[in-house]
Novice: 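This is the structure I have questions about; it appears just below.
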Amino acid sequence: MPDGLPSNGRIAAAFDLLGDLLELEGAVRHRVLAYRRGAARVRAAGESVARMALEGRATSLPDIGPTLQAKVVELAETGTMAALDKARARVPEGLVAVARLEGIGPKRAMALHTHLGVRGTADLRAAVDTGRLADVPGMGRRTAEALAAQLAGLGPDGVSADQRVSLGVALPLAESLVRDLREEPGVLRAEVAGSLRRGRETVHDVDVVVAAEDPAAVFAALERSLLVERVLSGGEARRAVMTHRGVRVEVAVAPPARFGNLLQHATGSAAHNVRLREMAVRRGWSVSEHGITREDGALDVHADEDGVYAALGLRTPPPELREDRGELAQAAGDVPWPDLLRVEDLRGEVHVHTTWSDGTASVARMAEAAAARGYAYLGIADHSQNLAMAGGLSADRVRRQWEEIEAVNAAMEGRIRVLRCTEMDILADGRLDWDDDLLAGFDVVTASLHSALGRPGPEVTARLLEAVASPHVDIIGHPTGRMLERRGHAAVDIARVAEAAAATGTLLEINSQPRRLDLDSDMARIALEAGACLVVSSDAHNPDALELVRFGVIVARRAGARAADVANTGPWEALVCPGAPRRAAP
DNA sequence: GCCGTTTTCGGCCCGACTGTTTTCAGTCG
């Protein structure tokens with residue numbers, strides 16, 4: 001991609017902002033939706049949408065029509081979007097943040113603006129403090145209290161830390177709660193739903209659905225749970241609670257006969273459900289959590305999700321794919337769903353640590369734990385000399401570790417093959433931390449960025465491309481270096497790295513550590529579209545942490561990865577970089 | 001603004017819940 005063109009992220013942000021501003025102005029709802037859909041489509045695109053638009057091809061993307069394409073062209077050629085600039089002149093941009101506050105939406109944000117002259121969260125705070133909120137129609141005491149509490153939690157810039165929690169925290173919590181609810185008499189089924197069931201890497205709350213005739217009994221059980229701190233809200237059919245861990249949980253109950261309708265509804269995503277209901281409306285039907293209403297008014301209810309989709313003439317999409325990215329069109333046709341990766345498909349791993357660097361268990365204990373999981377191989381990949389902070393090995397210690405690995409292999413008597421691996425630093429200047437002689441002695445080499453992650457995009461990308469080009473490097477570890485809740489992705493041009501990796505057969509890692517989940521599912525999808533293959537690693541630093549691969553598998557599934565796309569579903573030799581493409585881009 | 005097994009124009013998802021209302025608009029998922 002030539003430099004200077006606006007990135008997909010930049011274009012998507014412009015469309016999102018334009019949609020937000022138009023919504024504040026009270027524009028027709030569907031016009032707003034059109035910009036939001038366009039933004040999501042651009043963000044998920046695997047190639048440069050600016051380039052596509054300049055060549056007149058962007059309208060081949062769903063949800064991108066002539067108007068949006070023209071705006072992309074304008075942004076690419078002039079660096080600005082006139083419609084956006086005009087909207088900004090009409091509506092203060094700070095109102096977007098106001099409208100995002102809980103309980104406030106576009107209408108109320110605009111009312112705050114017209115009645116009190118509020119232009120952002122700072123103005124709103126002043127209005128709350130001086131009690132002027134009561135001057136706005138529809139704003140009472142409760143609203144003022146809720147706003148005061150929220151604004152107190154905002155930073156000086158008025159931007160709230162996004163209260164999202166990692167899949168690695170939320171899923172075990174949700175599963176624990178679901179297990180408890182299943183113990184309850186009268187509960188026939190209880191399942192995790194929502195974004196967690198779709199495998200999002202972070203979620204803002206946990207959704208649970210329950211099949212039972214008596215919702216009140218279920219809610220009583222929920223409120224007795226030791227996990228629950230307090231009740232937030234609730235009516236007849238649903239209840240929201242806050243857990244001690246600070247995660248919001250919403251539980252909905254339906255009679256068993258229409259549990260499938262509720263599970264489908266609660267799993268979403270919102271965009272998937274909107275698209276599904278649009279399809280139903282075209283037949284004169286209506287879909288809700290209560291059932292499918294046919295044109296004659298008959299209500300169709302289903303105990304399981306397959307029944308709901310089948311009634312609409314669709315095959316049930318895997319939950320991880322329900323993001324309105326074309327899955328409903330596929331559900332209506334004959335093209336089978338991809339056979340998405342499962343934890344059982346993994347035959348081994350090549351990125352775990354031991355006490356040789358910053359792990360807490362010996363080579364032997366890690367090997368035993370891996371054998372107990374049924375792995376055929378385990379690659380010991382301790383840190384290289386540059387990462388002194390994490391006990392990176394010297395070349396001397398590497399050779400001594402190899403002797404220990406051989407001893408463990410002998411002791412394991414063929415129950416598992418322990419491999420000589422390394423997680424080698426890619427240095428700040430792009431060089432590799434080991435020389436070619438030593439590199440030739442490893443079975444599988446993972447190269448990772450651990451420093452200078454904040455450098456400009458072209459620089460970080462160039463370092464990764466250099467590592468991909470090395471004949472000794474088999475895998476790029478946690479390619480973007482992100483840490484959830486600490487730092488974002490390095491400014492890696494993942495499409496370029498994936499293209500290069502596809503050409504050389506270098507693998508890209510999905511690191512399963514809950515704080516990393518890197519590649520994320522969007523980037524992993526881009527990697528697969530470029531023809532690259534993946535490897536899923538636990539990056540375990542102790543035996544129990546081998547379990548963490550389940551999270552990496554979920555990320556891979558969201559990316560649409562099949563077992564064939566993930567190299568460690570095969571023998572360990574399949575992880576060695578062939579220096580040539582493993583498969584063509586789809 | 002996008003889109004088509006009703007349509008190139010006229011449609012475009014659905015219900016629960018809250019707070020502030022005395023009958024419902026706005027927000028949320």
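Quick note on labels: first sequence line is chain A, next is B, and so on, each numbered from 1.
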Novice: In whole Å, what separates the P atom of B/dT20 from that of B/dA16?
Specialist: 22 Å
Novice: For B/dC12 versus B/dT6, give the span between their P atoms, rounded off to a whole number of Å.
Specialist: 15 Å
Novice: Would you measure the distance from the C1' atom in B/dG10 across to the matching atom in B/dG15 and give it in whole Å?
Specialist: 25 Å
Novice: Using the C1' atom in both, what is the distance from B/dT22 to B/dT18, to the nearest Å?
Specialist: 16 Å
Novice: What integer number of Å spans the P atoms of B/dC14 and B/dC9?
Specialist: 26 Å
Novice: Within this structure, what is the CZ-to-P distance between A/R277 and B/dG15, rounded to whole angstrom?
Specialist: 8 Å
Novice: Write down the distance between CZ (A/R29) and P (B/dC13), rounded to a whole number of angstrom.
Specialist: 6 Å
Novice: Closer to the 5' end of DNA chain B via nearest nucleotide, is it A/V281 or A/L61?
Specialist: A/L61
Novice: For A/R37 and B/dG1, what is the distance between atoms CZ and C1' respectively, to the nearest whole Å?
Specialist: 11 Å
Novice: Using the closest heavy atom to pick a nucleotide of DNA chain B for each, name whichever of A/I104 or A/R238 lands nearer the 5' end.
Specialist: A/R238
Novice: Test A/D520 against every option in A/H489, A/R200, A/R558 by the side chain to side chain contact (heavy atoms under 4.5 Å, CB included) rule and name the one that passes.
Specialist: A/H489
Novice: Does A/R164 use its side chain to pair, donor to acceptor, with the backbone of A/T202 at less than 3.5 Å?
Specialist: yes
Novice: Check A/E175 with A/R550, please: is the shortest side-chain N to carboxylate O separation under 4.0 Å?
Specialist: yes
Novice: Crowded around A/R182 CZ? As in, over 12 foreign heavy atoms under 6.0 Å?
Specialist: yes
